[in-house]
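The shown structure was predicted, so the numbers you read here are calculated from the model rather than taken from an experiment. Below, all heavy atoms of this structure are taken into account, side chains as well, without hydrogens, waters or symmetry copies.
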Amino acid sequence: MGIHGCHRSHRRGVHTGLVYYFIYGNGMEQLDRFLGDRRNAKLRARGEASFRGAPLRAIRDPADAAGVLMLLVALARGTPTPEQEAAIEAEMRKVTAPDDDYATRMAYIRHAAAQASDANTAVDHLAPLLREKLDPSERDDRERMLEAVAVIHGGPIDAQEKFIARTVRVLAEQH
């Protein structure tokens, strides 16, 4: 028997061993468990993404949506600074009632922004609300609000500019 014949009989032995393992061993159970774990992991990931997106989907006030977007602009630079937080609150005061509870509103905005899987997903969740509730002039005002946060600490960085440009583009789309 040459080298090829030995190789073939070895492969045949491996195949036979695998067949016996699946039929008489617990190969099918392990395969079922593996496939089930994969399905469960995918379902769990979908569920977690849906859960994390819930605070964004729950927003009904365009001012809160703008607050989340402004906070995401600040987050694009890193941890928001007190100056950025103050700018966000100042911009929020321009679009909300004077007697508004800003501490509660800002806590909700921080929570919603923190739950966003990423900034682009947040824009996608919030854009329909902003397109529905705001006229073109008010949507332009949201761009100005985002830029007011981005200019703090030496002007916008590339990530902030890209986020603002994408937000403006998505808000301008007609659906």
Side-chain angles (χ1 to χ4, degrees), residues 36-175:
D37 288 348
R38 284 189 53 198
R39 276 191 299 270
N40 290 340
K42 287 179 184 178
L43 289 172
R44 190 172 28 259
R46 263 190 253 133
E48 287 173 4
S50 177
F51 178 77
R52 289 182 62 84
L56 290 172
R57 287 190 305 275
I59 293 175
R60 297 289 175 253
D61 184 339
D64 291 334
V68 169
L69 294 175
M70 285 187 287
L71 189 56
L72 291 170
V73 166
L75 285 166
R77 187 181 281 275
T79 302
T81 63
E83 295 84 3
Q84 290 169 317
E85 294 257 349
I88 293 168
E89 188 171 327
E91 292 298 323
M92 293 296 293
R93 288 184 185 280
K94 294 176 185 176
V95 295
T96 57
D99 62 341
D100 201 34
D101 181 0
Y102 290 101
T104 301
R105 187 180 286 266
M106 289 303 294
Y108 178 70
I109 287 168
R110 279 187 210 95
H111 174 70
Q115 294 303 307
S117 57
D118 63 79
N120 289 332
T121 301
V123 172
D124 294 341
H125 279 300
L126 298 173
L129 169 75
L130 293 171
R131 281 192 298 259
E132 175 190 332
K133 302 272 185 175
L134 303 177
D135 63 39
S137 168
E138 291 169 318
R139 288 195 297 266
D140 289 344
D141 193 43
R142 295 312 177 259
E143 178 181 3
R144 184 202 51 76
M145 294 168 80
L146 298 176
E147 289 171 348
V149 175
V151 298
I152 297 173
H153 303 303
I157 62 172
D158 190 47
Q160 289 173 313
E161 287 177 348
K162 286 179 180 176
F163 176 73
I164 293 170
R166 182 178 185 282
T167 302
V168 169
R169 188 174 58 253
V170 169
L171 290 181
E173 291 174 356
Q174 296 299 316
H175 285 265

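Atom CG in Leu146 sits 9.5 Å away from atom CD1 in Ile88 (nearest 0.5 Å). To the nearest 0.5 Å, the span separating CG on Asp141 from CZ on Arg139 amounts to 12.0 Å. The structure places CZ of Arg142 at 8.0 Å from CE of Met70, a figure rounded to the nearest 0.5 Å. The CE atom of Met145 sits 13.0 Å away from the CG atom of Asp140 when rounded to the nearest 0.5 Å. Atom-to-atom distance recorded for Phe163:CZ and Leu75:CG is 9.5 Å, nearest 0.5 angstrom. Rounding to the nearest 0.5 Å gives a distance of 10.0 Å between CE of Met106 and CG of Asp64.
Listed by first and then second residue, the salt bridge (charged side-chain N to carboxylate O under 4.0 Å, His left out) pairs involving residues 114-127 are Asp124-Arg166 (not counting sequence neighbours). Screening residues 75-87 for salt bridge (charged side-chain N to carboxylate O under 4.0 Å, His left out) gives Glu85-Arg110 as the qualifying pairs, with residues at least two apart or on separate chains.
Taking every heavy atom of both residues into account, Ala127 and Leu171 meet most closely at CA-CD2, 3.8 Å. The shortest heavy-atom contact between Ala122 and Leu72 is CB-CD1, 3.4 Å. What you find for Ala58 and Tyr108 is that their closest heavy atoms are CB-OH, 3.8 Å. Residue Lys133 comes nearest to Pro62 through the heavy atom pair CB-CG, 3.6 Å, listed as atom of the first residue, atom of the second, then distance.
Applying the salt bridge (charged side-chain N to carboxylate O under 4.0 Å, His left out) criterion to Asp99, with sequence neighbours excluded, gives no partner residue. Taking the salt bridge (charged side-chain N to carboxylate O under 4.0 Å, His left out) definition, one finds that Lys94 meets it with Glu91, sequence neighbours left out. Remark: His153 engages Thr81 in a side-chain hydrogen bond (donor to acceptor under 3.5 Å, both in side chains) (not counting sequence neighbours). Judged as a side-chain contact (heavy atoms from CB on, under 4.5 Å), and not counting sequence neighbours, the contacts of Ala65 are Ile59, Leu126, Leu129, Leu130. Among residues two or more places apart in sequence or in another chain, the side-chain hydrogen bond (donor to acceptor under 3.5 Å, both in side chains) test is passed with Lys162 by Asp158. Partners of Ala159 by side-chain contact (heavy atoms from CB on, under 4.5 Å), not counting sequence neighbours, listed by chain and number: Ala76, Ile157. In this structure, the salt bridge (charged side-chain N to carboxylate O under 4.0 Å, His left out) partners of Asp100, at least two apart in sequence or on a different chain, are Arg105. A search for side-chain hydrogen bond (donor to acceptor under 3.5 Å, both in side chains) contacts involving Arg93 returns Glu89, not counting sequence neighbours. A search for side-chain hydrogen bond (donor to acceptor under 3.5 Å, both in side chains) contacts involving Asp135 returns nothing, not counting sequence neighbours. Under the rule for a side-chain contact (heavy atoms from CB on, under 4.5 Å), the partners of Val151 that lie at least two apart in sequence or sit in another chain are Pro156.
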Exercise for review: Please step through side chain to side chain contact (heavy atoms under 4.5 Å, CB included) for the pair Arg131 and Val170, ending with a clear verdict.
Suggested key: CA-CA 9 Å; Arg131 281 192 298 259; Val170 169; 3.8 Å; yes
Check your understanding: Hey, mind stepping through Val95 and Glu138 against side chain to side chain contact (heavy atoms under 4.5 Å, CB included) and telling me if it holds?
Key -> CA-CA 10 Å; Val95 295; Glu138 291 169 318; over 6 Å; no
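Using a 4.5 Å cut-off on side-chain heavy atoms (C-beta onward), Met92 and Ile109 make contact.
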